[in-house]
Amino acid sequence: MRDISSLPLPARDAAHQFPIVFQDDIAYEGPSGVAWAPGRVNLIGEHTDYNDGFVLPIAVDRVAAFAGRARNDGIVGLWSTHFQEYAQFSLEGLPGTFEPQRADLPGWARYVLGVVTELARANIALSGFDAVVGGDVPLGGGMSSSAALEVATAQACALFSNGHFTIGTEHATLKPVQVAALCQRAEHIASGVQSGILDQAASCLGRPGKAILLDCRSLDYAYLPFDVPDLSLVVLDTSVRRALAASAYNERRQQCEEAVLLLRDIIVQHEPENEAALDIRALRDVTQEQFDRYGSYLPEVLRRRAAYVIAEDARVLQVVKLLEMDAFEAIGQLLWKSHAGLRDEYEVSCIELDTLVEIARQIPGVLGARMLGGGFGGCTINLVRNEAIEALRQAVEQQYPIRTGLQAGFDICRAAGAAEWSFL
Ligand code: GLA
């Protein structure tokens with residue numbers, strides 16, 4: 001049991017609200033508890049995850065949190081502090097009853113149902129529970145609020161399973177990367193977005209003061225120090241959320257898959273002696289040299305998409321080397337380049353994201369900035385010397401509303417730990 005004052009604020013808030021919201025005479029079992037999981041930023045490696053490539057996320061000190069207690073009747077009852085809304089579903093018949101139950105639930109609760117469904121599909125023994133669900137990851141803002149909710153759900157299920165289901169690196173039912181993969185599948189069925197594993201992996205693997213280098217094919221990962229006292233990660237929120245983001249995301253993914261098939265055929269045709277070319281399965285397998293030689297055979301849109309992904313994968317590995325040398329100026333340069341590629345080649349930026357990056361670019365001491373996550377709104381990530389934070393804040397406050405008619409959110413994040421739970 002942890003001292004309540006050491007819990008993340010949303011977990012504390014949810015714990016405070018639980019006995020107020022759920023007062024009835026449900027047959028509860030076992031002690032009450034809290035579970036939480038972080039959102040993430042991604043230093044670099046955007047839209048590389050579903051291309052079997054590399055990403056470099058950082059779990060941040062913003063979480064989704066559950067506080068509640070196990071029930072003995074197979075019902076999951078949820079109160080969202082954000083939406084001020086109650087939702088419930090039954091464990092009975094899952095995964096078979098997923099579709100009809102999903103249809104009756106509000107969007108936020110579908111992620112919870114999605115995770116519970118995937119746990120049931122994996123034959124993991126689950127108990128019902130009641131919980132207050134809260135959090136401070138900006139919703140839909142590119143910091144992975146949905147992944148934080150999914151991973152926190154898995155933690156909550158472990159917490160309320162009375163020891164039948166455990167998450168951990170040794171002797172546990174599921175390892176953190178397995179939880180990430182399961183939560184990724186939950187995201188697919190809950191939202192219909194064919195997302196990669198970046199967000200869920202960051203939420204499962206985060207460590208204070210560390211960035212995570214993840215190979216999205218093997219799911220091998222390594223920690224890199226990211227704890228620089230005179231630098232900050234500033235997240236600027238465009239305050240724009242666009243409904244088209246989901247379909248555009250799936251379209252990008254499909255375009256990458258088409259580009260790989262075409263590139264493989266072109267390379268096989270031109271280099272019949274190159275047996276390795278037959279094994280090209282993802283853009284990750286296409287070298288820069290091969291792309292320089294054969295990329296022009298692709299239809300123009302596919303050529304641009306592939307050009308971005310191949311260059312971005314290389315940038316991730318460059319940043320890893322630069323991090324080891326504390327070469328933050330050079331890392332910043334790669335962030336600007338990443339943004340340019342996302343804007344011009346991958347075409348997932350928007351005028352508001354570009355505006356925030358342009359404003360940041362004028363400020364000495366902002367080493368680099370780029371859009372974060374899927375795109376079409378949401379946030380930018382800015383690598384900023386501490387002495388430049390105020391200048392950036394002022395420039396954004398003055399220029400962003402004039403240029404866009406909107407207000408931007410301003411947040412400073414720290415590299416934080418992964419999902420956790422505690423009895424109360
Ligand atoms: C979203 C998806 C991730 C990843 C990013 C882009 O956050 O959920 O899987 O593809 O977009 O890097």
Side-chain angles (χ1 to χ4, degrees), residues 39-48 55-58 60 138 140-144 198 211 226 231-242 244-245 248-249 252 304-305 307-309 311-312 314-316 318-319 322 328-413:
R40 61 104 189 91
V41 291
N42 188 20
L43 203 50
I44 197 153
E46 220 64 89
H47 289 276
T48 47
V55 290
L56 196 54
I58 295 173
V60 292
M143 285 170 81
S144 297
L198 162 67
F226 194 86
L231 281 181
S232 293
L233 286 176
V234 176
V235 174
L236 298 175
D237 189 342
T238 58
S239 71
V240 171
R241 309 283 185 263
R242 289 203 169 87
L244 98 144
Y249 184 96
R252 293 300 179 284
R304 283 207 300 271
R305 304 294 187 256
Y308 162 75
V309 171
E312 180 79 351
R315 280 190 285 265
V316 177
Q318 280 171 279
V319 168
L322 293 166
F328 289 100
E329 302 267 350
I331 292 173
Q333 292 304 318
L334 292 171
L335 299 195
W336 303 122
K337 280 194 183 145
S338 169
H339 184 77
L342 287 157
R343 182 191 60 207
D344 303 333
E345 294 180 322
Y346 216 64
E347 296 176 285
V348 289
S349 188
C350 61
I351 191 81
E352 295 85 359
L353 286 165
D354 295 343
T355 304
L356 284 178
V357 169
E358 280 164 26
I359 294 171
R361 195 147 199 165
Q362 305 156 6
I363 311 294
V366 176
L367 302 186
R370 56 176 206 82
M371 57 151 274
L372 179 61
F376 301 103
C379 301
T380 64
I381 178 171
N382 300 257
L383 188 60
V384 187
R385 290 204 189 287
N386 290 345
E387 64 267 19
I389 292 178
E390 236 0 84
L392 176 62
R393 189 198 300 270
Q394 279 177 20
V396 170
E397 268 172 20
Q398 282 162 10
Q399 297 175 36
Y400 188 69
I402 297 172
R403 291 174 64 172
T404 62
L406 299 164
Q407 301 285 339
F410 190 100
D411 205 351
I412 300 174
C413 294

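Positions are given from 1 along the sequence. Computation of the quantities below employed the complete heavy-atom set of this structure, encompassing side-chain atoms and omitting hydrogens, waters and symmetry-equivalent molecules. Keep in mind that what you see is a predicted model, and the values were worked out from it rather than measured.
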Closest approach of [X] and [Y], non-hydrogen atoms and distance?
{"X": "Gly375", "Y": "Ala245", "result": "O-CB, 4.3 Å"}
{"X": "Gly141", "Y": "Cys379", "result": "O-SG, 2.8 Å"}
{"X": "Asp354", "Y": "Ser349", "result": "OD1-OG, 2.6 Å"}
{"X": "Ala395", "Y": "Ile363", "result": "CB-CD1, 3.6 Å"}
{"X": "Ala408", "Y": "Val396", "result": "CB-CG1, 3.7 Å"}
{"X": "Gly142", "Y": "Leu372", "result": "O-CG, 3.5 Å"}

For this session: Tell me, yes or no, whether the heavy-atom count around Leu406 atom CG, taken from other residues, nucleotides or ligands under 6.0 Å, exceeds 12.
Result: yes
Exercise. Should we say atom CD of Gln407 is surrounded by more than 12 heavy atoms from elsewhere, each under 6.0 Å from it?
Worked result: no
Problem set entry | Criterion side-chain hydrogen bond (donor to acceptor under 3.5 Å, both in side chains) on Gln362 and Gln399, from CA distance to verdict | CA-CA 11 Å; Gln362 305 156 6; Gln399 297 175 36; 3.3 Å; yes
Problem set entry | Residues Arg40 and Ser144: side-chain donor-acceptor under 3.5 angstrom | yes
Exercise. Strictly by modelled atom types, are Ser338 and Glu312 linked by a side-chain donor-acceptor pair under 3.5 Å?
Worked result: yes
Are side-chain heavy atoms of [X] and [Y] found at a separation under 4.5 Å?
{"X": "Val316", "Y": "Val55", "answer": "no"}
{"X": "Leu367", "Y": "Val384", "answer": "no"}
{"X": "Asp237", "Y": "Asp411", "answer": "no"}
{"X": "Met371", "Y": "Leu356", "answer": "no"}
{"X": "Leu233", "Y": "Phe226", "answer": "yes"}
{"X": "Leu198", "Y": "Glu46", "answer": "yes"}
{"X": "Asn42", "Y": "Ile381", "answer": "no"}
{"X": "Val235", "Y": "Thr380", "answer": "no"}

Exercise. After noting the C-alpha distance and the side-chain angles of Leu335 and Ile44, does the key distance pass the side chain to side chain contact (heavy atoms under 4.5 Å, CB included) rule?
Worked result: CA-CA 7 Å; Leu335 299 195; Ile44 197 153; 4.0 Å; yes
Seminar exercise, completed: Rounded to the nearest 0.5 angstrom, the CG-CZ distance for Leu383 and Phe328 is 7.0 Å
Problem set entry | Pairwise distance OG(Ser232) to CD1(Ile412) - rounded to 0.5 angstrom | 5.0 Å
Problem set entry | Cationic tip of Arg393 above Phe410 ring, under 6.0 Å, 45° of axis | yes
Exercise. With a distance cut-off below 6.0 Å to the six-membered ring centre and an angular limit of 45° from the axis, does Arg370 pair with Trp336 as a cation-pi contact?
Worked result: no
For the side chain of [X] and the backbone of [Y], is there at least one donor-acceptor N/O pair under 3.5 Å apart?
{"X": "Asp344", "Y": "Glu347", "answer": "no"}
{"X": "Asn382", "Y": "Ala369", "answer": "no"}
{"X": "Thr238", "Y": "Val240", "answer": "yes"}

Problem set entry | Residue pair Ile359, Leu236: steps toward the side chain to side chain contact (heavy atoms under 4.5 Å, CB included) verdict | CA-CA 11 Å; Ile359 294 171; Leu236 298 175; over 6 Å; no
For this session: Could you tell me which residues satisfy salt bridge (Lys or Arg N to Asp or Glu O under 4.0 Å) with Glu397, sequence neighbours excluded, listed by chain and number?
Result: none
Problem set entry | For His47, all residues meeting ring-ring contact (aromatic ring centres under 6.0 Å, His included), sequence neighbours excluded | Tyr50, Tyr249, Tyr346
For this session: Applying side chain to side chain contact (heavy atoms under 4.5 Å, CB included), run through Ile351 and Thr404 and close with a yes or a no.
Result: CA-CA 8 Å; Ile351 191 81; Thr404 62; 5.8 Å; no
Exercise. Picking from Arg242, Arg403, Arg241, what satisfies salt bridge (Lys or Arg N to Asp or Glu O under 4.0 Å) with Glu352?
Worked result: Arg242
Problem set entry | Intermediate values then yes/no, side chain to side chain contact (heavy atoms under 4.5 Å, CB included), Gln333 and Arg315 | CA-CA 10 Å; Gln333 292 304 318; Arg315 280 190 285 265; over 6 Å; no
